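I have placed the structure first, in the form of structure tokens, so that the comments after it can refer back to it.
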Number of protein chains: 2
Amino acid sequence: MTYTEVFIALADPTRRHIFEALRERPKTVGELAEGQPVSRPAVSQHLRVLESARLVNVEPQGNRRLYSIKRDGLNELRQYLDSFWSDALTAYSAEIARRVKSEKGE
Amino acid sequence: MTYTEVFIALADPTRRHIFEALRERPKTVGELAEGQPVSRPAVSQHLRVLESARLVNVEPQGNRRLYSIKRDGLNELRQYLDSFWSDALTAYSAEIARRVKSEKGE
DNA sequence: CGATACCGTAAGTTATGACTTACACAGAGG
DNA sequence: CCTCTGTGTAAGTCATAACTTACGGTATCG
């Protein structure tokens, strides 16, 4: 059920833009805010949501904070999506398979 | 980019529950509403959003309307996710993850 | 030491959307 | 016909969250 946060995080356009801006390279909050039409505190708040969804990673570097993409959230989302393919949408077998996988710690 | 609607559609818990209820088999609006804690018109509105996101398919059958899962929306979402798995990004984020781990003394 | 850059948090405002009830309309069946 | 069933739509309410400005705290640098 943890992909809930990931969906919510990526549903917002501004947040998705920030996230996509990190594909190029890790960036600081100021750098990210510069490319967006919203204020810097707004970017900070979005980054907090992205971090909570395990989509980004923060690494303090002296005065600044360097944000980068983290794959955990993406993995969960992909796992959820794959559950709609693993089997021809029959009954609950896909869901069961997903649960078993996560129980094994994968 | 059209995956925007898909993200928004699946971000709502009620809408995701409705969508997941269709994994078992195609269902009518009444059947779907019965399994949800919200009113029937609410389910109708959710279905409109899901349909607009190309996540469900509707087939009128006499008096009722039979809804079923449509792959188009899921395909777009998966395509978007897969774009984050390019080799460069994979190597880059793996490096970040490794650094963070070693900083934690793990 | 100041002074400045970088960033997070608080508080308040506003827009969005999820929900309700009420209504309209088409098909099935007596 | 008339009624019931199944569903979509309209209008209005209310909660949420996205945004702003203001402020506080911590490094860096002169």
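Everything numeric in this text was worked out from a predicted model, so none of it was measured. Labels below follow one simple rule: chain letters A, B, ... track the order of the sequence lines, proteins then strands, and each chain is numbered from 1.
In this model, a donor atom of one side chain and an acceptor atom of the other lie less than 3.5 Å apart for B:Y80 and A:E20.
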From CA spacing to verdict: side chain to side chain contact (heavy atoms under 4.5 Å, CB included), A:R78, A:D82: CA-CA 6 Å; A:R78 182 141 100 155; A:D82 282 347; 3.7 Å; yes
Might you list the N or O atoms of the protein lying below 3.5 Å from N or O atoms in nucleotides 10-18 of chain D, with each pair's distance?
{"from": "D:dA18", "atom 1": "OP2", "to": "A:R15", "atom 2": "NH1", "distance (Å)": "2.5"}
{"from": "D:dA18", "atom 1": "OP2", "to": "A:R15", "atom 2": "NH2", "distance (Å)": "3.3"}

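With rounding to the nearest 0.5 angstrom, the OH atom of B:Y3 is 6.0 Å from the CZ atom of A:R16. Here the straight-line distance linking atom CD1 of B:I69 with atom CG of B:L74 works out to 7.0 Å at 0.5 Å rounding. To the nearest 0.5 Å, atoms CG (A:L47) and CG (A:L55) are separated by 11.0 Å.
Sorted by first and then second residue, the ring pair (Phe, Tyr, Trp, His ring centres under 6.0 Å) pairs involving residues 19-45 of chain A (not counting sequence neighbours) are A:F19-B:F84. Within the structure, side chain to side chain donor-acceptor pair (under 3.5 Å) pairs that include any residue of residues 48-62 of chain B comprise B:T2-B:R54, B:E5-B:S52, B:R54-B:E76 (at least two apart or interchain).
Every side chain to side chain contact (heavy atoms under 4.5 Å, CB included) that B:I8 has, sequence neighbours left out, goes to A:A11, B:T4, B:R15.
Remark: side-chain polar atoms of A:K27 are paired, donor with acceptor, to backbone N or O of A:A21 under 3.5 angstrom. Between the side chain of B:E31 and the main chain of B:T28, a donor-acceptor pair closer than 3.5 Å is present.
Bounding nucleotides for the chain B contact on DNA chain C, 5' to 3', at a heavy-atom distance below 4.0 Å, are C:dA18 to C:dA28.
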Nucleotide-resolved protein contact map, nucleotides 23-30 of chain D, B/S/- at heavy-atom distance under 4.0 Å: ---BBS--
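The phosphate of D:dG6 (OP1 or OP2) has no side-chain N or O of B:Y67 nearer than 4.0 angstrom.
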